[in-house]
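Since the structure comes first, as structure tokens, the remarks are kept for the end.
In what follows, every chain begins at residue 1, and chains take the letters A, B, ... in the order their sequences are listed.
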Amino acid sequence: MRYWWVNQNQTYEAELNGGYIWSPKRNKNGVRNQFYENMREVSPGDLVFSFRRRKIPAVGVASSYCYEAPKPDEFGTAGQNWEKVGWRVDVAYTEMSEPITPKAHIDVIRPLLPGKYSPLQQNGDGLQSVYLAAISRELADLLQQLLEGAGNPRVDTDNISQLDRSDLVHEELERQIEDQIDQSIEIESTEKQQLVKSRRGQGLFRLNVQEYEKACRISGVCDTRFLIASHIKPWRSSTNVERLDGENGLFLSPNIDSLFDRGFISFDDNGNLLVSPVLDTQVMSQLGVPAVQSLNVGRFTSGQMKYLAHHRREVFLESGRQS
DNA sequence: GACGGCGCTAA
DNA sequence: TTAGCGCCGTC
């Protein structure tokens, strides 16, 4: 399990009440930001320390992995220059009745601050450019001691709640897109039907995928009755052309589709399997992904590679990967 | 007056 | 890529 520190000044109320943390995927100028990339490495059960107005007013336990979600409406003007779609992790917060001020304990905290991507300055002040920062177990232990010493209840990872809204959020997002397709006057009704069917991997999209893929790349199952035509670049993020493009698809066994769809696995351009560090290796092998050092699933077309690059950049749950 | 989920920019 | 510095709105 891992430990995180989140600087939430303007959005604290919204994120506390909503039970989540949210970030855009990129800086305003489109550049990768490590504090946003860190969202992709959170696992259920991880501990999250809230930081607001120089204090720690709440401690949370993550209850989901990272998933794509729209910018919360309740942010209002706070996040005006952030993108409309970003990363979200569900978090069960416990408010501290006696918030502590890290700066008051900076002498003991300073030696435990990370050398890079630290959430605090050496003098104990915050850092404007930080959102979600990784901290060590040692620092997390210290913060918990300080919080308990001040009279707060201890928050532990086994306070984990089962609340994971990722399916609901994605369902709502995709339902809105279906409505847009349905109301569009430029699209013919037969194409509308195909676009909606493609969301479930059915219809024309499935036929188009069959031109490129014959079996599940990992399980080897080739009876298409048991395979899901899975979008590489997610349906919700695709253009209408991409939603029906056969090169934007793989035939996958249901278990493998579920792992690929949620970003637990991906592929590089040479066909090597990539496994997210957030995924438990035992679960992975139980779900049918062989626990070998490297697995090559064969060549991809240049079209497939284009979509795979998107999958690695926007779906795969690993921070810091350049591709 | 203090400070930060910034925006630039230097190296 | 990372950290430092200056801006300025908000608490």
Side-chain angles (χ1 to χ4, degrees), chain A residues 2-42 46-60 62 64-91 93 95-96 99-106 109-136 139-140 143 169 309 312-314 316-323:
Chain A
R2 299 184 65 181
Y3 303 88
W4 308 94
W5 173 299
V6 63
N7 286 3
Q8 285 174 301
N9 261 355
Q10 323 120 293
T11 58
Y12 173 74
E13 293 287 347
E15 296 186 312
L16 177 84
N17 293 327
Y20 60 85
I21 52 179
W22 185 92
S23 83
K25 292 186 174 182
R26 304 278 165 139
N27 285 351
K28 195 181 177 186
N29 56 13
V31 169
R32 228 174 57 89
N33 178 321
Q34 188 59 43
F35 301 107
Y36 300 154
E37 292 291 312
N38 282 340
M39 297 284 286
R40 308 166 81 159
E41 301 223 345
V42 179
D46 287 1
L47 227 49
V48 183
F49 294 88
S50 288
F51 182 72
R52 183 209 198 191
R53 298 186 196 157
R54 318 178 70 225
K55 292 187 183 326
I56 297 180
V59 179
S64 76
Y65 293 96
C66 177
Y67 58 95
E68 191 175 55
K71 178 168 69 183
D73 294 335
E74 55 268 28
F75 281 2
T77 56
Q80 258 170 342
N81 40 20
W82 293 331
E83 304 159 293
K84 291 194 172 54
V85 174
W87 298 122
R88 170 167 165 148
V89 174
D90 294 320
V91 175
Y93 291 100
E95 280 189 273
M96 299 292 108
I100 60 163
T101 307
K103 190 170 183 173
H105 308 278
I106 190 59
I109 290 174
R110 190 183 298 114
L112 300 177
L113 288 173
K116 247 196 255 183
Y117 302 117
S118 171
L120 279 184
Q121 299 180 53
Q122 293 285 309
N123 66 11
D125 283 342
L127 276 161
Q128 208 168 355
S129 49
V130 170
Y131 182 55
L132 186 70
I135 59 173
S136 64
L139 180 51
L143 293 174
V169 169
R312 292 192 297 272
R313 205 169 53 237
E314 305 284 332
F316 188 48
L317 295 176
E318 177 175 25
S319 75
R321 180 167 290 271
Q322 294 297 296
S323 50

Do A:Asp46 and A:Trp4 get their side chains close enough for a donor-acceptor pair, meaning under 3.5 Å? yes
Exam field: side chain A:Tyr93 to backbone A:Gly18, donor-acceptor pair closer than 3.5 Å: no
Tell me what A:Gln122 touches on the nucleic acid: a base, only sugar-phosphate, or nothing, going by heavy atoms under 4.0 Å. nothing
Please report the distance, rounded to the nearest Å, between NZ in A:Lys28 and C1' in B:dC8. 12 Å
Upstream residue (5' side of DNA chain C) when A:Thr77 and A:Ser118 are each assigned their closest nucleotide: A:Ser118
Take the protein atom NZ of A:Lys116 and the nucleotide atom P of C:dG4, then report the distance between them rounded to whole Å. 14 Å
State, yes or no, whether a side-chain contact exists between A:Phe51 and A:Tyr12 at a heavy-atom distance under 4.5 Å. no
Would you say A:Asn9 reaches B:dG5's phosphate, i.e. side-chain N/O to OP1/OP2 under 4.0 Å? yes
Look at A:Gln10 and B:dG5 and indicate whether a side-chain polar atom (N or O) is within less than 4.0 Å of OP1 or OP2. yes
What is the separation between atom CD on A:Glu37 and atom C1' on C:dT1, rounded to the nearest whole Å? 13 Å
Take atom CG of A:Leu127 and atom C1' of C:dG4, then tell me their distance rounded to the nearest Å. 10 Å
Judged by atom type as modelled, is there a donor-acceptor pair below 3.5 Å linking the side chain of A:Asn9 to the main-chain atoms of A:Arg52? no
Mind calculating the distance between OH (A:Tyr131) and P (B:dG5) to the nearest angstrom? 10 Å
Determine whether a donor-acceptor pair (one donor, one acceptor, N or O, separation below 3.5 Å) exists between the side chain of A:Ser129 and the base of B:dG5. no
Return the 5'-most residue of the pair A:Gln128, A:Gly115 with respect to DNA chain C, ranking by each residue's nearest nucleotide. A:Gly115
To the nearest angstrom, the NZ-P distance between A:Lys103 and B:dC3 comes to 5 Å
Round to the nearest Å and state the distance from A:Tyr12 atom OH to C:dC11 atom P. 16 Å
Would you indicate which nucleotide in C:dA3, B:dG5, B:dG4 comes nearest to any side-chain atom of A:Phe51? B:dG4
More than 12 heavy atoms of other residues, nucleotides or ligands under 6.0 Å from CG of A:Asp73: is that the case? no
Taking only N and O in the side chain of A:Arg53, is any of them less than 4.0 Å away from OP1 or OP2 of B:dG4? no
Could you check which nucleotide pairs with C:dT10 in any of the strands shown, counting Watson-Crick or G-U wobble with both distances under 3.5 Å? B:dA2
For A:Phe35 and B:dG5, say yes or no: do the ring centres fall under 5.5 Å of each other while the ring planes differ by less than 30°? no
What integer distance in Å separates A:Arg52:CZ from B:dG5:P? 10 Å
